[in-house]
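A quick write-up on the structure given underneath.
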Amino acid sequence: MLLRAALSADPIANLQRALAIELAVLPPYLYACWSVKPRAAGASAAAAEASRTIRSVLYQEMLHVATAANVLNALGAKPHVTASLMKYPGNLPWHVTDGPYAYTVGLCALSAAALDTFKKIERPEWDVTGAAGPSGDWITIGAFYEAIKDQLKALPDSAFAHGRQLALRDNPAPGRLYQVKNRTSAFRAIDTIVVQGEGHKPGNASPQQDDSAHETAHYYQFDTIRRYFDTPLLDPARDLYPIIDNPDAAVFNGAQQQLNFAFNQLYCELLDTLEAAFASPAPQVFGAATRLMRRLELAAAMLRNAGVVPGSDRLAGPTFDYVAAGAPGV
Amino acid sequence: MGLIQLPRLYFSGYTYWNPSTFNNNDCQPTYDAANARLDWTWLARHGAAPGASIDSYATQPGIVPTANDAEIIQENPNVPPAEWNFYGDNACGFVGSHEPIIEWPAMFSRPARNTVVSGFTDASGDYIGRGDPWIGLEPRLNVGSAPARLVDVDPVCFWSSQIFLDTFSLGDRAGGTGFTGAIAGRAHARWINLARNLNVDNKVFLAGFAGATFQFGVPAQSITFFDPHPVPGSASAQLRAALAEPGIKGVLVRFTTYLTLYFQGPAFANMKPAEAFSEIASLYSQYAAALEQHQMGALANPPPVPVNRAYSHAVGWIGPWATDELGSMPGGRLLSTAAPLAPREAGLGAVKLAPAAVECAVDPTTNMVTRLALDLGATTPERDWTGAKVDFGTLSLGLVPLEDAGAPVVLASIPYGGGYDQASYERTAGVIDIPAAQFLAPVRPADLRSHRFALWSDPSKPALLEVPLVAQSEARGVYVDQQHQRPIPIQLRYLGGKPPVGTRLCVAQYSPNRPFRADGWAIVSDKKDQSAQSPYVLLEGAGAAHGDGFIVVPVPYADDGNPFATVAVSVRAIRPGFPILVFDPLAPGTALASPPSKVDGVCTAFYSVVRVLPFHNEAAQDFHEWLKTGPTADLVTQRVFDEVFGTYFSMYPVMRFIRDPLQFQAWRGRILEATDPRLFNSATYMPVTRSLSVGQRRMLELWDSYLNGEVPALSPPTLLRLRRG
């Protein structure tokens, strides 16, 4: 649940916060996705489907990041990718930290509990009782975006004329990567984010189905693979690598620390590359950024192959810490 | 014409070729090229199934024919189905200091010598071999963009090779000298000579014995010179001056490739072909195992890829491009193969020479021919793997009367040493300039209109004899979609000038008579009682007389001052496949006879190769109807992945950077962009093989719209239209 206090009077600050939230969900999703074994390693079809589902959501989250960046760029602001990265486990940026609606987001192998958390992140507005929590805080990220839209309504079309839009061809997912040039296209862009995460509101279509792009909302996608653990179509012993939850580099052995550091270097190079790309006169993310994404997965696999974490029976996973360029290694 | 123009810069070195060879297996029917899909019937018999990796099948040697494999022609059991270069990306270019970069130097290598300009013939006809800033510069294709691509129109047929390229550069901007410019059209393999190397020492293998000539033009308006203030008299200054002359439209680049080297590198030292194939299969296997380890995180770095390029010796020249000259076909007076010529070396049999071209410079004040330029770049064979030329003794270039009445006139003698031996050949790319001072008889333009050029050792049996009527087309590789028609302009000349009134052109349609071997073309027939292949295209032309498998069209005569006439025929798709259109010009008064039922004309015939692309319009329509039912984006992407991308994914490891349907979807913007038919003639176009049908492109467009949330509108057949180059 988001804090109403997250809402600044400045819509640009709010969009920046939205961008931070979109970025914050990527590491947990990636972590869970990488814990699923490939078919070649003996995993089941359900495991492959679970992996594919999470990756599908990840691609859409990347679209949301790109969309938020397009709106910010249209407003003449510079999208910040590295400014408000979160530490895991923790609360998502601008979310409540206690009470019945608080939840912690960690870096966890795929599990029923992890999927329950993912469902909370993607919770649709109509899936909860009560429109707002205590103190009038919002329940959903979608509500936060709606509030941003209300603020943008006050801006003239000319406020969105600063260009620097990611090319349509760089769209990583189903859904339209809007070129934001005016208020209308900004609204459409934001609606894409809300709809893909939560699905259409009841009344327009079934809550499970976004009939504009024929996609199942993230919430229901996660709900589907959550059921795999109940049936159980998905057998953790067969289908998942035993990756440690919420890794702490301090307890890693030397080799694991080095590999984790190498991973974090790559991760941060990717973030820096994205930030530079968004700020360029002709932004595009294909090329350097996509190559880094591929290398990131391989770096995580190398860390996983470095044996069990001392004091546990689990394999190591990356910590997704920010490492400034040129920082000394371990 | 271009050959006679000066200055003319010569370069020599190597070309590299990096085709992906799984689609041109001429031993096993792994690939249904006409329909651009894997032959799963065949593959299933050998343990490969759709949806699974076929790499293990493709890379293993020793495929044993099964009971239903009568069509297999496996001469060497060590050849894996993917043949010698599974991991190729079809890139090609000149070997130089920048390319190619060897991925696995411990196993593979490239020629150490770079391709460079070695000298030039200046505007006064003198050869300059040193001291000029352009000597030593490297010719390069597609600097700073996707590499030039070698693509066979018909994947299993060498006679349809072509190079898609976008730019040509000599030197680079950083060096401060040279030039760059955009290409006009593709380069096609011409004058393909399968007997180019006699292979006396038996060290040349695969297609190493073959030779071919490529040519392209660079329009003057696209050229940028890197040296703003060239040294007076330098090659740069002379070329610029030539470009400013009337009748010159740009720069022409012609090069001949020959003596192709395969399996280069430490892994293949001193190996015979069978051993080399076993070794490449082993390297494929090593790579696959290491890649799997890497993908599982057990290997830090990706393993080096076993890219097994081939390298051809190459000589070529760069000179002014005359306004009336085609870009991709050598002009001038064409001397074609006649009687075999006996080498001087005992034990060597008589050899057929490949075509040559002659052009003349005329002094308008004296009305005398002042210089002849003879291009023997494609003509004379090599003896062995060293590149030594076969010695036929002194050859004579001369004129023979058109009607064979009268004695031949010797114009010049061309000795072996200093004429066409290896050193001479490599120095001037086979071009021999003969100034009037060396003429053995004076030549007037009128002589050229009443005689044919010939090259002989024995005047009674010319080795090369001019073909008076020639029919050439830039459209050597023609792609036609379902329900589409494509024009093919054909240029005709008679003794280098306009053909006379009454000239006609026969265009006959042939098919390779065996699908996987290139040993002859058989004419098609639409008569059901014949064993011939049925037509692939409908031939049409203004005023055409139709025969079985051919048409004859009148050649229009226009008093337009051009030294040629142009005929436009067109082809309309009937069924997918790769017909060959052979052009046979008919002189006025020649009786109309049916074209020969078989042609072995790879080297000397005038022809174009057509690709009738796969028919997928119905599949596209089915896809469109299906979208109306509202399938999920994932299902739609999976279907497009399977029906459009699946074959490329399976066959070309270079495409595996798109690993699955999800990533395919993430690339959709780039895929739409790269498959844009407006890019068809560019090296950036995908698929490199040019096998994407109009129906498949339509599916991509529908998929993109659907994922953007757009409900597809009805798409009548008229929407399935592409403009291909």
Side-chain angles (χ1 to χ4, degrees), chain A residues 34 37-41 48-49 51-60 62-63 166-178 188 192 195-196 205 209-216 221 241 259 262 284-287 290-291 293-295 297-306 315, chain B residues 51-53 55-56 288-289 291-303 626-641 656-676 686 700 702-712:
Chain A
W34 294 339
K37 290 181 181 174
R39 295 298 300 275
E49 178 58 19
S51 172
R52 193 208 61 77
T53 298
I54 303 171
R55 285 178 56 218
S56 170
V57 172
L58 274 162
Y59 280 121
Q60 293 195 349
M62 291 180 211
L63 168 59
L166 275 162
L168 293 173
R169 67 187 184 196
D170 279 11
N171 184 351
R176 191 182 288 275
L177 174 57
Y178 282 97
R188 286 178 178 158
T192 295
V195 163
Q196 287 195 327
Q209 190 80 62
D210 158 18
D211 72 343
S212 65
H214 304 282
E215 303 158 57
T216 305
Q221 292 193 56
Y241 292 111
L259 289 165
Q284 59 176 26
V285 294
F286 267 73
T290 45
R291 280 194 292 275
M293 288 177 203
R294 172 79 181 127
R295 288 173 60 195
E297 182 177 353
L298 295 169
M302 288 191 64
L303 178 55
R304 185 186 67 226
N305 281 347
L315 302 172
Chain B
S53 167
D55 290 18
S56 58
L291 183 64
E292 188 175 341
Q293 290 288 301
H294 171 63
Q295 288 170 340
M296 300 291 281
L299 274 180
N301 296 312
W626 179 63
L627 291 182
K628 293 177 186 172
T629 67
T632 66
D634 287 348
L635 278 176
V636 175
T637 296
Q638 181 72 53
R639 180 164 170 175
V640 176
F641 183 90
R656 306 274 173 82
F657 68 95
I658 297 176
R659 289 176 293 164
D660 54 34
L662 262 182
Q663 205 170 29
F664 179 66
Q665 157 228 272
W667 277 82
R668 75 182 149 109
R670 299 280 169 157
I671 290 167
L672 262 291
E673 189 176 70
T675 57
D676 187 330
M686 300 286 279
L700 291 175
L702 287 167
W703 168 58
D704 182 55
S705 298
Y706 193 76
L707 263 57
N708 277 344
E710 296 171 11
V711 177

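The sequence lines fix the lettering, A, B, ..., with proteins before strands; numbering per chain opens at 1.
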Could you report the tightest heavy-atom contact between [X] and [Y], atom names first, then the distance?
X	Y	answer
D634(B)	S56(A)	OD1-OG, 4.2 Å
Q295(B)	A301(A)	O-CB, 4.4 Å
R304(A)	M296(B)	NH2-O, 3.2 Å

### Side chain, backbone, both or neither of N171(A) within contact of chain B (heavy atoms, under 4.5 Å)
both
### Y241(A), part contacting chain B, at a heavy-atom distance under 4.5 Å
side chain
Contact class of [X] relative to chain A, heavy atoms under 4.5 angstrom:
X	answer
D704(B)	neither
L299(B)	backbone
L662(B)	both

### Task
With rounding to the nearest 0.5 Å, note down the distance linking NE2 in H294(B) to CG in L298(A).
4.0 Å
#### Entry: Gap between atom CZ of R55(A) and atom CZ of R659(B) - 0.5 Å precision
5.5 Å
### Message
Restricting to side chain to side chain contact (heavy atoms under 4.5 Å, CB included), what partner residues turn up for R295(A), sequence neighbours left out?
### Response
L266(A), L292(A)
### Query
Quick check: does any side chain N or O of R668(B) sit under 3.5 Å from a backbone N or O of A173(A), one acting as donor and the other as acceptor?
yes
### Query
Do the side chains of P661(B) and R52(A) get nearer than 4.5 Å, heavy atoms only?
no
### Message
For Y59(A), give me all partners under ring pair (Phe, Tyr, Trp, His ring centres under 6.0 Å), at least two apart in sequence or on another chain.
### Response
none
### Task
Could you please spell out the steps behind the side chain to side chain contact (heavy atoms under 4.5 Å, CB included) verdict for D170(A) and R670(B)?
CA-CA 7 Å; D170(A) 279 11; R670(B) 299 280 169 157; 2.8 Å; yes
